[in-house]
Amino acid sequence: MGRKIPFGPLHSRKSLPGENPAQGLTTEGNLPPLFPVFNQNKIFQKEKALISRYVPNRKTCPNMMHIISLIQSGVMEVVKELYGVSLAPDDLTISPTRKEFTGDYTLVVFPFTRFVKKKPEDIGNELGNALLGKVAYLHGYNVIKGFLNLELSDQFWKDFLGDIYAKENFGFLPKNGHKVLVESCSPNTNKPLHLGHIRNILLGWSMYKILEAAGYDVVRVQIINDRGIAVCKSMLAWQKFGRGATPASEGLKGDHFVGDFYVRFDKAFKEEYSQWQGTSEAEQVFESGKQNGQSREEFFKAYKDIYFNEHSALGREARDMLLRWEAGDPETVALWEQMNSWVYQGFEVTYKALGVAFDKFYFESDTYLLGKDTVEKGLQSGIFYRLDDGSVWIDLEDAKLDKKLVLRKDGTSVYITQDIGTAQLRYRDFGVEKMVYVVADEQNYHFQVLFEIMKRLGEPYAEGLFHLSYGMVELPTGRMKSREGTVVDADDLLAEVVREARENTLERENIAGLPEAEQEEVIRKIALAALKFFLIKVHPKKRMIFDPKESVDLQGQTGPYVQNAYVRVQSVLRKIESEDLSAASAHEPLNADERDLIGQVYQFPGIIQEAVREYDPSAIANYCFNLAKAYHRFYHEHSILRAENEAARAFRLQLSMAVAHVLRNGMDLLGIDMPERM
RNA sequence: GGUCCCGUAGCUCAGCUGGAUAGAGCAACUGACUUCUAAUCAGUAGGUCACAGGUUCGAAUCCUGUCGGGAUCACCA
C-alpha cells in the first residue's frame with residue numbers, strides 16, 4: 001500500500017491552463033554489509049579483485065600501483081627497519097596534502113611517538129629520508145610539526161594522466177557478476193508526483209547509476225499503490241461529477257486529471273460533513289463525545305475519520321466501491337483500470353521529463369496478498385506466534401525492536417506482510433543478492449523490522465537488504481500539507497526550472513547560432529542540472545530546505561556551474577585538430593593548479609567506491625563541484641592553446657580531456673547530462 | 001515517555017576510518033572580459049562547530065549527559 005512519500009513543502013500547485021509542462025521536453029533516455037568492497041567478506045573476493053584490477057595498481061600499470069598503497073608499504077618497511085616495529089596499513093594515516101602546504105600526500109607521524117621516543121619532527125625527517133630511496137616516484141619531502149609531507153615527482157602525475165586521459169570510462173569498474181535491485185518512487189495512483197517523489201526518484205536513479213559504475217547489474221523497480229480507498233474516491237468522484245470526461249477531452253495530464261477528481265471528492269465530502277454538523281444527530285454526537293474543554297471545531301476536526309466511516313453517504317459509497325473492486329465486479333474493475341492507466345500515462349511523461357526509467361513495476365493490487373503463506377510457514381517453525389484472537393505476531397524484542405503484528409485477527413495482511421512477500425517475489429524474479437529501498441526516513445522503523453524478519457526467515461538475500469533513508473523536503477516556510485495546497489507539484493517545478501534556464505540562456509546568446517530544437521535541448525539540460533544537483537548535493541539522510549528560488553540558480557554551487565567547466569573544455573577542443581599529445585610528458589614543472597587538478601582526477605575511482613559503500617550520491621555531487629571549481633581556476637590562470645611551450649599545451653589538453661571525462665561521467669552518475677555549449 | 005536522526009557563517013550546505021589555521025555557495029562589499037565561453041576568476045567581511053563533561057599527543061568528528069528540531073512507537077500505508 002504505497003510508500004507514502006512525504007510532501008516537500010511549497011507553493012501551491014499552480015494549474016496553468018492549457019499548459020503541459022512536460023511538453024517540449026525530450027529526454028534520453030549501520031552501514032549495511034552490502035558492499036564490503038573493501039572488507040573481508042569472502043563472498044565478495046571477486047569484486048575486490050576486480051576493483052584492484054581497475055584502480056591503478058601493480059598489475060595494470062606496473063609503475064602505477066595505487067600510490068597510497070605504495071607509500072603505506074614503504075612506511076611499514078622503513079618503520080620496521082628503523083624502529084623494529086611492525087605496523088598494519090590501518091595504523092597509518094595518509095591523506096592528500098592540504099593545499100596550503102607543499103607535497104602530495106601527508107603521513108601523520110604523531111602516533112609514532114608512542115614507540116619512538118623522539119620529537120615528531122625528528123621522526124618525520126628520519127622517515128622521509130629513509131623513504132626517498134624506497135618509494136617509486138617519491139621525489140622529496142618536508143616536515144611541519146608532526147606532518148610528513150611527501151612530494152611525488154611530476155613524472156608520476158604525467159604517467160597517470162597519459163594513462164587515463166583518453167579513457168572514456170575512467171573510474172568505472174567492469175561487471176562483477178552481482179545483481180542489485182533498487183526500489184524507488186513508489187507513488188499512489190490518486191495524486192500527481194510532487195517534490196518528495198523527485199528527491200526519491202533522483203536518489204534512486206543515482207544509486208542505480210553508481211552501482212552500475214561499480215560493476216553491479218541493477219534492476220530498477222517501483223511498488224505502486226494502485227488500490228484502496230483513496231483510489232476509490234477518485235473513481236467515485238469521476239462517476240458522480242466527471243460526465244465522461246477524459247484527460248484528452250480536458251487537455252490534462254492523466255495523473256493531474258485523476259488527482260483533480262480526488263480533490264473533487266474531498267471537497268464534496270467536506271461540504272457534506274459541514275452540512276451534517278448542523279444536524280441534531282451531529283449535536284448529539286458532539287455532546288456525548290466531547291472531551292473536557294474541547295471546542296466544537298476541535299471536536300469535529302478530530303471526528304472526521306469516524307464520520308467518514310460511520311455516517312457519511314459519500315464514505316459509504318466509496319467503501320462500497322472498494323468492496324465491489326475486491327469482489328472483482330467487472331464494471332468497477334474496468335473503471336479502476338481506466339483511471340489508473342491515465343495516471344500511468346501521466347507519470348510516464350514526468351519520468352521522461354526527468355530522464356529516468358524503470359525496469360519493472362510491482363502493483364499492490366497484485367502483491368497485497370503476498371506474504372501470508374510465508375507467515376503460515378513461519379508459524380509452524382515458531383518464528384511467528386498466534387494470539388487467541390487469531391492475530392499473528394513476531395517478537396523482536398531481543399533485537400531491540402518490539403512485537404509486531406503480521407496478520408490481523410481476520411487473517412488479512414498488513415503493510416509489512418506484503419513487503420515480506422514482495423521481497424521474496426523479487427528474489428524469484430531476478431535472483432538479486434541485494435535490495436535497496438529508497439524510502440523516506442519516516443519508515444526507518446518499518447524497514448528495521450522488515451529486515452529483521454527476513455533474517456529470521458533465513459532468506460538468502462537478507463544480509464543484502466538496505467533502506468536508503470532520506471529526509472523530508474521542506475519549504476522555507478516550513479513543512480507542507482496537501483490539505484493546505486502547499487505541495488510542490490513535480491511538473492510545475494520542472495516547468496519552472498526550464499523557464500528560468502531558458503530566460504538566462506537566451507539572454508547570454510552563447511548558443512543563439514544553434515537550431516531552435518538544439519537550443520531547447522541545451523536549455524533542458526541546464527534546467528535539469530540545476531534542479532537535480534540542488535536536490536542531490538545534500539546528504540540523503542538530512543532533512544533539506546527546498547527554496548524554489550535557489551533551486552533554479554544557475555551560478556555558484558550548482559549543476560550548471562559544473563556543466564560550464566565541461567563546456568569550456570569542449571570549446572577548447574573544438575579549436576584543435578587531432579594532434580599529437582606525446583609532448584605532454586616533457587611538461588615541466590607542473591604548476592600548483594595543474595597538480596591540484598590532476599590529484600583530484602586521481603581520486604575519482606575512490607569517490608565512486610565511497611558513494612557505493614555509503615549509499616551516498618551526494619559524495620559524487622560534491623566531488624564534481626570541487627573538480628569543476630579547480631578547473632575553472634586553472635582555466636582562468638593558465639592558457640591552454642597559447643601555453644608557454646608545446647609540452648605545456650599538450651599536457652593541458654590531456655588534463656582538460658581527463659577532467660571533461662570525469663565530469664561527464666560523474667554527473668552522469670547523478671542523472672545529469674552535459675551540453676556541449678551553453 | 002521509549003527508540004532513532006539532525007544541530008557547523010545571516011541563509012543553504014561540505015568536512016573521508018579523530019590530525020595542520022573548520023571550508024564552499026548564496027546574500028554584502030572591492031576588483032578582473034581588445035586574450036581558449038565572465039553561467040567564470042581573485043579579494044574583503046562573516047564561527048564559542050547547540051551546551052557541558054569525558055577519552056586522546058590531538059575532537060566539528062568518538063563516549064556520556066543537557067537543551068533545541070524532526071521522525072517513529074497503528075489490526076494505516
Side-chain angles (χ1 to χ4, degrees), chain A residues 1-4 6 38 90 93 95-98 100-101 106 108-111 113-114 120 144-147 149 188 225 228-230 364 389-393 400-402 405-410 412-416 418-419 440-446 448 469 471-472 474 476 479 501 504-505 507-508 510-511 526 530 534 537-539 541-547 549-550 553-558 560-565 567-576 606-607 610 613-614 618-619 621-622 625-626 629 632-643 652 656 677-678:
Chain A
M1 311 168 183
R3 292 300 185 204
K4 267 202 334 196
F38 292 136
D90 285 352
T93 305
S95 48
T97 301
R98 297 174 58 116
E100 56 267 37
F101 301 99
T106 296
V108 183
V109 301
F110 288 110
T113 57
R114 203 160 298 167
I144 296 176
K145 297 203 279 185
F147 301 92
N149 299 319
N188 296 347
N225 178 21
I229 193 72
E364 293 195 355
D389 68 2
S391 59
V392 179
W393 297 71
K400 290 203 287 194
L401 300 165
D402 301 315
L405 176 104
V406 293
L407 284 182
R408 297 190 183 98
K409 62 188 171 199
D410 63 5
T412 56
S413 39
V414 291
Y415 185 49
I416 201 154
Q418 166 183 270
D419 264 336
D441 62 6
E442 60 183 354
Q443 294 192 49
N444 286 354
Y445 181 73
H446 169 76
Q448 278 179 34
S469 164
M472 306 248 181
E474 295 181 13
R479 197 175 169 178
N504 276 274
T505 303
E507 226 170 64
R508 288 167 214 271
N510 285 336
I511 59 169
I526 293 169
F534 185 79
K537 72 178 180 186
V538 179
H539 193 284
K541 80 177 172 194
K542 287 203 173 185
R543 256 180 339 142
M544 72 177 294
I545 309 289
F546 183 90
D547 186 334
K549 273 210 295 281
E550 285 178 26
D553 273 354
L554 310 174
Q555 288 161 21
Q557 197 174 40
T558 66
Y561 174 95
V562 180
Q563 288 178 320
N564 187 232
V567 163
R568 285 179 139 181
V569 175
Q570 300 315 309
S571 173
V572 169
L573 295 181
R574 234 176 271 127
K575 294 188 162 54
I576 63 169
I607 298 290
E610 182 197 332
R613 199 171 64 240
E614 305 287 333
S618 73
N622 287 304
F625 171 72
N626 286 325
K629 186 175 168 58
H632 277 307
R633 179 187 162 79
F634 160 80
Y635 183 91
H636 189 265
E637 297 295 322
H638 309 284
S639 189
I640 299 166
L641 297 178
R642 274 178 288 274
R652 287 175 192 163
S656 296
R677 305 164 197 265
M678 64 189 288

query: Does the ring of A:Phe110 lie flat against the base of B:G19, closer than 5.5 Å centre to centre with planes under 30°?
result: yes

- prompt: Between A:Arg633 and B:C41, does any side-chain N or O lie under 4.0 Å from OP1 or OP2?
  reply: no

task: Indicate yes or no for a side-chain donor-acceptor contact from A:Asp553 to the backbone of A:Gln555 under 3.5 Å, with no hydrogens or angles considered.
output: no

task: Would you please classify the geometry between the A:Phe546 ring and the A:Phe534 ring as parallel, tilted or perpendicular, with 30° and 60° separating the classes?
output: perpendicular

field: Complementary nucleotide for B:G68 - Watson-Crick or wobble, under 3.5 Å
entry: B:C6

task: Could you give the distance separating B:U8 and B:C62 at their P atoms, to the nearest angstrom?
output: 15 Å

- request: Return the nucleotide paired to B:A32: Watson-Crick means purine N1 to pyrimidine N3 with N6-O4 or O6-N4, wobble means G-U with N1-O2 and O6-N3, both under 3.5 Å.
  value: B:U40

message: In whole Å, measure the gap between the P atoms of B:C16 and B:G23 for me.
response: 14 Å

message: When the P atoms of B:U21 and B:A27 are compared, how many Å lie between them, rounded to an integer?
response: 32 Å

Side-chain N,O (A:Lys542) to OP1/OP2 (B:G7) below 4.0 Å: yes

- request: Just name whichever nucleotide pairs with B:G1, Watson-Crick or G-U, keeping both distances under 3.5 Å, else none.
  value: B:C73

Nucleotide B:C41, atom P - distance to CD of A:Gln555 in whole Å: 10 Å

query: What integer number of Å spans the C1' atoms of B:G43 and B:U3?
result: 49 Å

message: Measuring to OP1 and OP2 of B:C36, would you say a side-chain N or O of A:Arg642 lies under 4.0 angstrom away?
response: no

message: Using atom C1' in both nucleotides, what's the gap between B:A38 and B:A45 to the nearest angstrom?
response: 23 Å

- request: Please check the phosphate of B:A38 (OP1 and OP2 only) for any side-chain N or O of A:Arg568 closer than 4.0 Å.
  value: yes

- request: Would you confirm whether A:Asn510, through its side chain, and A:Met678, through its main-chain N or O, come within 3.5 Å as a donor-acceptor pair?
  value: yes

message: Heavy atoms only, 4.0 Å cut-off, all strands: where does A:Val538 land among base, sugar-phosphate and nothing?
response: sugar-phosphate

query: Counting only Watson-Crick or G-U wobble pairs whose two distances fall under 3.5 Å, which nucleotide matches B:U17?
result: none

- request: Determine the interatomic distance between C1' on B:A39 and the same-named atom on B:C33; round to the nearest Å.
  value: 14 Å

message: Using a heavy-atom cut-off of 4.0 Å across all strands, would you classify A:Asp419 as base, sugar-phosphate, or nothing?
response: nothing

- prompt: Which part of the nucleic acid, if any, lies within contact of A:Phe625, taking any heavy atom under 4.0 Å across all strands shown: a base, the sugar-phosphate backbone alone, or nothing?
  reply: sugar-phosphate

message: Which nucleotide wins on minimum distance to the side chain of A:Arg479, given the candidates B:G25, B:A71, B:A20?
response: B:A71

- prompt: Quantified in whole Å, what is the P atom distance between nucleotide B:G65 and nucleotide B:C29?
  reply: 47 Å

- request: Find the distance A:Leu407:CG to B:C75:P and express it as a whole number of Å.
  value: 13 Å

task: Could you please name the partner base of B:U12, counting Watson-Crick and G-U wobble pairs only when both distances are under 3.5 Å?
output: B:A24

field: P atoms of B:C6 and B:G10, separation to the nearest Å
entry: 22 Å

field: Pi stacking test for A:Phe147 and B:A20: under 5.5 Å apart, planes under 30°
entry: yes

